[in-house]
Every structure is written in structure tokens, then in C-alpha cells.
Undergrad: 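Below are the C-alpha cells for one structure; questions will follow.
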Amino acid sequence: HVQLVESGGDSVQAGGSLRLSCAASGDTAVQYCKGWFRQAPGKEREGVAVLYNTGGYADYADSVKGRFTISLDNAKNTVYLQMNSLNPEDTAMYYCAAREPARCRWLTLVEDDYRYWGQGTQVTVS
């Protein structure tokens, strides 16, 4: 089992930056692979960035490549999402998600591949 708590969401002007954090807890939390998803009003939830549990490789949605960076600090059981050059299209509720260690052999940005979810943190860009 793993529990996820996001933080760091805020209101920011276009061109600004934010750093989101996802704190994971549980005896085997570090073994779960994690990712970030987002959902804007009237839109489907979409994958943003995902990372191996070792932190060795990451994948990103095309819309955020070059602007967002996902990273992992296993000592703190925390996943980060550094967001730069934000624009209004990035406005959304951002969710941290995790999938079982047995399913961490490959990376995926598909929502249904993740079973565990945080409550979300709101990012508003104006």
C-alpha cells in the first residue's frame, strides 16, 4: 500500500515557475513507480510525467517537454515536478499517482495504469 500527498500548487503569472511535491508513505513506497497527471475543467485527465522507481529515466507528455522536469528523492520518499515557463494551458488540478512495483518494468502515461492517487493540488496560471 502507498499513500500520496501533493503540495506546492499555487497561482502564478504566465512565464513563472512552480515546484510540486508528492510525499509517498508506506513500507514499500519507494518500490512503486510514480507519475504526475493533470485535469483541467472540461478536459480528460492526462499524463504529464512519469519516472522509474530508481529515478534513472523519465518520460513526458509532448506538451511539457523542455519545460517540466520530474525527479525523485527516495531518501525522502518524495517525487517532484519542476514546472518552468508556465502558460495558462497548464492550469489544472495536478495529481500524483503510483503503480505497483511489479508493473514498474516499463513507463506509462496512461491514467488507467495507475491504481493509487493523491487528492491533487491546484495550479492556476494567468
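On a predicted model such as this, the values are computed, not experimentally measured, just so you know.
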Undergrad: Who else is in the cluster with Val48 when I, L, V, M, F, W and Y are joined by side-chain contacts under 4.5 Å?
TA: Val12, Leu18, Leu20, Trp36, Leu51, Tyr60, Val64, Phe68, Ile70, Leu72, Val79, Leu81, Met83, Leu86, Tyr94, Val123, Val125
Undergrad: Given 3.5 Å as the limit, does a donor-acceptor pair link the side chain of Lys65 with the main chain of Ser63, or not?
TA: no
Undergrad: Side-chain heavy atoms nearer than 4.5 Å, only ILVMFWY residues, links allowed to pass through others: does that put Tyr114 and Leu107 together?
TA: yes
Undergrad: Is a side-chain N or O of Thr124 found less than 3.5 angstrom from the main chain of Ser11, in a donor-acceptor match?
TA: no
Undergrad: Compare every heavy atom of Ala92 with every heavy atom of Ala40, then report the nearest pair and how far apart it is.
TA: N-CB, 3.8 Å
Undergrad: What residues form a ring pair (Phe, Tyr, Trp, His ring centres under 6.0 Å) with Tyr80, not counting sequence neighbours?
TA: none
Undergrad: Got a sec, which pairs hit disulfide bond (SG atoms under 2.5 Å apart) with one end in residues 43-99, sequence neighbours left out?
TA: Cys22-Cys96
Undergrad: Please find the pair of heavy atoms, one from Phe37 and one from Gly47, that lie closest to each other, and give the distance.
TA: CD2-CA, 3.3 Å
Undergrad: Are Leu109 and Met93 connected in a single hydrophobic cluster, I mean Ile/Leu/Val/Met/Phe/Trp/Tyr linked by side-chain heavy atoms less than 4.5 Å apart?
TA: yes
Undergrad: Give every residue pair that meets the side-chain hydrogen bond (donor to acceptor under 3.5 Å, both in side chains) criterion with at least one member in residues 67-77, sequence neighbours excluded.
TA: Arg67-Asp90
Undergrad: Start with the C-alpha distance between Glu46 and Gln39, add both sets of side-chain angles, then the distance that settles side-chain contact (heavy atoms from CB on, under 4.5 Å), and finish with yes or no.
TA: CA-CA 6 Å; Glu46 63 175 345; Gln39 186 169 23; over 6 Å; no
Undergrad: May I ask you to test the Gln122-Thr91 pair for a side-chain heavy-atom distance under 4.5 Å?
TA: yes
Undergrad: Any pair with a residue in residues 95-111 that passes side-chain hydrogen bond (donor to acceptor under 3.5 Å, both in side chains), sequence neighbours left out, goes on the list, sorted by first then second residue, please.
TA: Arg45-Glu111, Glu100-Arg115, Thr108-Asp113
Undergrad: Is it true that a side-chain atom of Asn53 and a backbone atom of Gln31 form a donor plus acceptor pair closer than 3.5 Å?
TA: yes
Undergrad: So does Gln119 get a backbone contact from the side chain of Glu6, meaning a donor-acceptor N/O pair under 3.5 Å?
TA: yes
Undergrad: Do any pairs count as a side-chain hydrogen bond (donor to acceptor under 3.5 Å, both in side chains) and have a residue in residues 14-26, sequence neighbours left out, and if so which ones?
TA: Gln3-Ser25, Ser17-Asn84
